[in-house]
Amino acid sequence: MLKHLKVLARLDSYTHLWISRVRHALNAGVIHMLDRRGTLRARAHKGLTPSRLRVARGVAFVIGISMSISMSAADSGSISPIHSVKQLADIQLTEKQEACHNAIVYRESRFNRYAVNGSHHGYYQGRTTYVKGKPDDVQFYWYWTYVSSRYGITEYDEPDMCNALRHLRAKGWQ
C-alpha cells in the first residue's frame with residue numbers, strides 16, 4: 001500500500017495535493033465520495049474500514065478521468081493570431097474608445113506599422129525606438145500604458161483614448 005501511495009505522490013503537484021487531502025481524510029476517519037451530482041461530499045465511517053489502497057485508486061481514477069476530459073471551446077483560450085491594431089482595439093476597448101483609438105491611429109500613421117516621422121515611429125508615432133518595427137500587440141499595449149498614464153482611464157479601466165484624441169485635435173497636430 002505504501003508503495004502505491006509513493007507512486008501517486010510522484011505525480012504533479014496538483015495530484016499530490018489531492019492525494020495528501022485523501023490521506024488526511026483517511027487518517028481523520030472520513031471518506032470522500034461523489035454524490036449523484038458529481039460533487040464531493042464527506043461522511044463518517046459506519047463500522048466499515050475501506051482499504052486505503054482502494055480509496056487511493058478511486059481518487060487517482062477520478063483525477064485521471066477529469067484531466068482527460070477535453071475542454072469546451074469557451075473554456076480554452078483563443079489561438080488565432082491578432083492581425084491588426086483594429087482587431088486588438090475591438091477586443092480590448094469599448095465601442096466609444098475604439099472609435100477614438102482608430103481615429104488616432106488613422107491620423108498618426110494611416111494604420112502603417114512601419115510609419116516614421118522624424119524621430120517618431122509606429123502606429124502611434126511614439127517618440128521611442130522601442131516601438132520601431134514591433135508587432136501590433138506590442139505597439140498597442142505600449143500605447144495603452146502611455147495613454148493611461150498621460151490622459152487617464154475610463155470607468156471601465158481602459159485608457160481614455162477620446163481624451164487623447166481631444167488633446168491631439170486641440171494641438172492641431174496633423
Side-chain angles (χ1 to χ4, degrees), residues 8 10-22 32 34-42 59-174:
L8 291 175
R10 278 188 246 143
L11 296 174
D12 62 17
S13 61
Y14 183 72
T15 305
H16 179 69
L17 174 68
W18 279 100
I19 298 301
S20 63
R21 286 184 180 174
V22 169
H32 290 284
L34 293 174
D35 66 5
R36 290 183 183 166
R37 289 182 297 260
T39 57
L40 285 174
R41 65 180 171 89
V59 169
F61 178 75
V62 169
I63 291 172
I65 293 294
S66 65
M67 291 176 79
S68 67
I69 296 173
S70 62
M71 295 188 313
S72 68
D75 293 337
S76 61
S78 172
I79 58 170
S80 58
I82 300 295
H83 293 291
S84 69
V85 290
K86 278 186 181 180
Q87 188 180 14
L88 259 172
D90 183 47
I91 294 168
Q92 297 291 326
L93 301 170
T94 58
E95 288 181 17
K96 179 181 176 184
Q97 297 301 322
E98 178 187 0
C100 293
H101 167 268
N102 290 342
I104 291 170
V105 177
Y106 182 77
R107 291 172 69 110
E108 293 288 353
S109 67
R110 302 292 196 258
F111 290 96
N112 178 5
R113 174 191 309 175
Y114 304 104
V116 176
N117 183 8
S119 62
H120 298 79
H121 304 277
Y123 286 117
Y124 307 101
Q125 293 298 289
R127 193 172 189 172
T128 176
T129 57
Y130 173 74
V131 295
K132 185 177 182 179
K134 295 284 181 156
D136 297 1
D137 58 337
V138 172
Q139 290 191 37
F140 179 82
Y141 290 115
W142 172 83
Y143 195 64
W144 178 291
T145 306
Y146 174 77
V147 171
S148 296
S149 63
R150 180 157 179 158
Y151 302 105
I153 57 173
T154 67
E155 61 186 296
Y156 303 108
D157 290 332
E158 62 187 351
D160 196 344
M161 299 288 183
C162 294
N163 197 12
L165 182 60
R166 278 191 294 276
H167 178 76
L168 184 71
R169 288 178 177 157
K171 290 288 187 181
W173 293 330
Q174 300 211 358

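Below, all heavy atoms of this structure are taken into account, side chains as well, without hydrogens, waters or symmetry copies.
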Run the side chain to side chain contact (heavy atoms under 4.5 Å, CB included) check on Gln87 and Ile91 step by step: do they pass?
-> CA-CA 6 Å; Gln87 188 180 14; Ile91 294 168; 4.3 Å; yes
Counterpart residues, ring pair (Phe, Tyr, Trp, His ring centres under 6.0 Å), relative to Tyr123 (two or more places apart) | none
Over all heavy atoms of both residues, which pair between [X] and [Y] is shortest? Give the atoms and the distance, please.
X      : Y      : result
Ser109 : Gly122 : CB-O, 3.6 Å
Ala89  : Asn102 : CB-OD1, 4.3 Å
Trp144 : Asp157 : CZ2-O, 3.9 Å

Would you mind reporting whether [Y] and [X] have side-chain heavy atoms less than 4.5 Å apart?
X      : Y      : value
Arg107 : Arg169 : yes
Ile104 : Tyr143 : yes
Val138 : Tyr130 : yes
Val105 : Lys86  : no
Tyr124 : Tyr146 : no

What side chain to side chain donor-acceptor pair (under 3.5 Å) pairs are there with at least one residue in residues 89-100, not counting sequence neighbours?
-> Gln92-Tyr141, Thr94-Glu158
Donor-acceptor contact present, side-chain Gln139 to main-chain Lys134, <3.5 Å | yes
Nearest 0.5 Å please: distance from the [atom1] atom of [X] over to the [atom2] atom of [Y].
X      : Y      : atom1 : atom2 : result
Cys100 : Asp160 : SG    : CG    : 8.0 Å
Thr145 : Phe140 : OG1   : CZ    : 10.0 Å
Lys132 : Ser119 : NZ    : OG    : 11.0 Å

Which residue pairs satisfy the salt bridge (Lys or Arg N to Asp or Glu O under 4.0 Å) criterion with at least one member in residues 136-148, sequence neighbours excluded?
-> Arg113-Asp136
Can Arg166 and Tyr151 be said to form a side chain to side chain contact (heavy atoms under 4.5 Å, CB included), step by step?
-> CA-CA 10 Å; Arg166 278 191 294 276; Tyr151 302 105; over 6 Å; no
Do other residues, nucleotides or ligands put more than 12 heavy atoms under 6.0 Å from Arg127 CZ?
-> no
Qualifying residue for side chain to side chain contact (heavy atoms under 4.5 Å, CB included) with His101, from Leu165, Leu88, Leu93 = Leu93
